[in-house]
Amino acid sequence: MAKVSVADVMTRRVVYLPEATTLDEAAQAMRDQGIGDVVVTSGPTMVGLVTDRDIVIRAIAENRIPKQTTLGAITSHELIMVEQSATVEEAVQAMRERGVRRLLVCDSDRNVVGIISLSDVALLPTSTPA
């Protein structure tokens, strides 16, 4: 069976929001776009990633007010990238090693072209023994 590349399963829609965006605005953008994460920016620079789970765990569960709390206050600042030509197995290994559920996907010039998550991988068909 051929190896599946990250480019074959990644989500190509990447949404960027400034770190000053409030959590309620970010949650609405995630809902409207049908995504579970946004890349957080400071000016033209990517500074982190926030997921729907981050909003729940780092904000709601900590009694932060979504209309007053910004993405910058809860951003995971570690941005881990994998090249789109990598195999899904390599991406999953990188997630395991770093303890993350999502990776930014880049092209050979290190431009972001998508995001791969564990849920993208979970949707892959499994092979059955012959």
Side-chain angles (χ1 to χ4, degrees):
M1 183 169 102
K3 299 271 184 186
V4 178
S5 76
V6 168
D8 294 330
V9 299
M10 70 183 188
T11 300
R12 295 185 184 280
R13 180 182 303 131
V14 180
V15 174
Y16 300 86
L17 292 176
E19 60 189 345
T21 304
T22 60
L23 299 186
D24 63 320
E25 293 170 322
Q28 290 166 6
M30 288 181 198
R31 177 200 62 207
D32 295 347
Q33 296 291 322
I35 56 174
D37 49 63
V38 294
V39 176
V40 181
T41 60
S42 177
T45 306
M46 294 184 302
V47 296
L49 188 72
V50 168
T51 67
D52 47 5
R53 185 173 188 273
D54 292 333
I55 292 173
V56 172
I57 302 299
R58 295 181 184 166
I60 305 302
E62 297 294 327
N63 295 316
R64 294 184 184 213
I65 301 167
K67 289 186 182 296
Q68 297 174 358
T69 306
T70 64
L71 289 176
I74 67 164
T75 297
S76 297
H77 291 282
E78 186 175 29
L79 290 172
I80 304 165
M81 296 179 118
V82 63
E83 194 165 319
Q84 64 184 346
S85 61
T87 66
V88 167
E89 290 82 7
E90 291 169 327
V92 169
Q93 183 62 34
M95 289 180 202
R96 281 189 189 122
E97 289 171 0
R98 301 307 278 271
V100 297
R101 298 171 186 209
R102 290 174 170 82
L103 301 173
L104 292 176
V105 180
C106 64
D107 61 17
S108 59
D109 294 324
R110 299 205 38 94
N111 297 311
V112 173
V113 295
I115 295 178
I116 186 169
S117 69
L118 284 179
S119 61
D120 295 325
V121 174
L123 296 174
L124 288 174
T126 57
S127 60
T128 55

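The shown structure was predicted, so the numbers you read here are calculated from the model rather than taken from an experiment.
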Should Leu23 and Val40 be counted in the same cluster of Ile, Leu, Val, Met, Phe, Trp and Tyr side chains packed under 4.5 Å apart?
yes
Going hydrophobic residue to hydrophobic residue with side-chain gaps under 4.5 angstrom, can you get from Met81 over to Val6?
no
In short, Gly72 meets His77 closest at the heavy-atom pair O-NE2, 4.5 Å
Set of residues satisfying side chain to side chain contact (heavy atoms under 4.5 Å, CB included) with respect to Ser119, sequence neighbours excluded:
Ser117
Name each donor-acceptor pair under 3.5 Å that joins a side chain in residues 95-106 to protein atoms two or more places apart or in another chain, with its distance.
residue : atom : partner : partner atom : Å
Glu97   : OE2  : Gln93   : NE2          : 3.1
Arg98   : NE   : Glu78   : OE2          : 3.3
Arg98   : NH2  : Glu78   : OE2          : 2.3
Arg102  : NE   : Asp37   : OD2          : 2.5

Of all the heavy-atom pairs spanning Thr21 and Ala26, show the shortest one and how long it is.
CG2-N, 4.0 Å
Tightest non-hydrogen contact, residues Ala73 and Arg64, listed as CB-NH1, 3.5 Å
For Asp120, check salt bridge (charged side-chain N to carboxylate O under 4.0 Å, His left out) against everything at least two apart and list the hits.
none
Quick one: pull up CG in Asp8 and CE in Met10 and give me the separation to the nearest 0.5 Å.
9.0 Å
Correct closest heavy-atom pair for Ser85 and Ser5 would be O-CB, 4.3 Å
Using every non-hydrogen atom in the two residues, find where Gln84 and Val113 come nearest and quote the distance to one decimal.
OE1-CG2, 3.5 Å
Main-chain N/O of Glu90 paired with Thr87 side-chain donor or acceptor, under 3.5 Å
yes
Exercise answer: donor-acceptor pairs, residues 46-61 side-chain atoms, under 3.5 Å, sequence neighbours excluded:
residue : atom : partner : partner atom : Å
Thr51   : OG1  : Arg53   : N            : 3.3
Thr51   : OG1  : Asp54   : N            : 2.9
Thr51   : OG1  : Asp54   : OD1          : 3.4
Thr51   : OG1  : Asp54   : OD2          : 3.2
Asp54   : OD2  : Thr51   : N            : 2.9
Arg58   : NH1  : Ile74   : O            : 2.7
Arg58   : NH1  : Ser76   : OG           : 2.8
Arg58   : NH2  : Ser76   : OG           : 3.0

Look at the side-chain heavy atoms of Ile, Leu, Val, Met, Phe, Trp and Tyr, link any pair under 4.5 Å apart, and say whether Val9 and Ile115 land in one connected group.
no
Verify, without hydrogens or angle tests, whether Asp107 (side chain) and Asp109 (backbone) share a donor-acceptor contact under 3.5 angstrom.
yes
Quick one: closest heavy-atom pair of Val14 and Gly114, and the distance?
CG2-CA, 3.6 Å
Can you confirm whether Val39 sits close enough to Val112 that some side-chain heavy atom of one is under 4.5 Å from a side-chain heavy atom of the other?
no
Considering only distance and modelled atom types, tabulate donor-acceptor pairs under 3.5 Å from the side chains of residues 29-36, sequence neighbours left out.
none

Contacts of Thr22 meeting side chain to side chain contact (heavy atoms under 4.5 Å, CB included) (sequence neighbours excluded), chain-then-number -> Asp24, Glu25
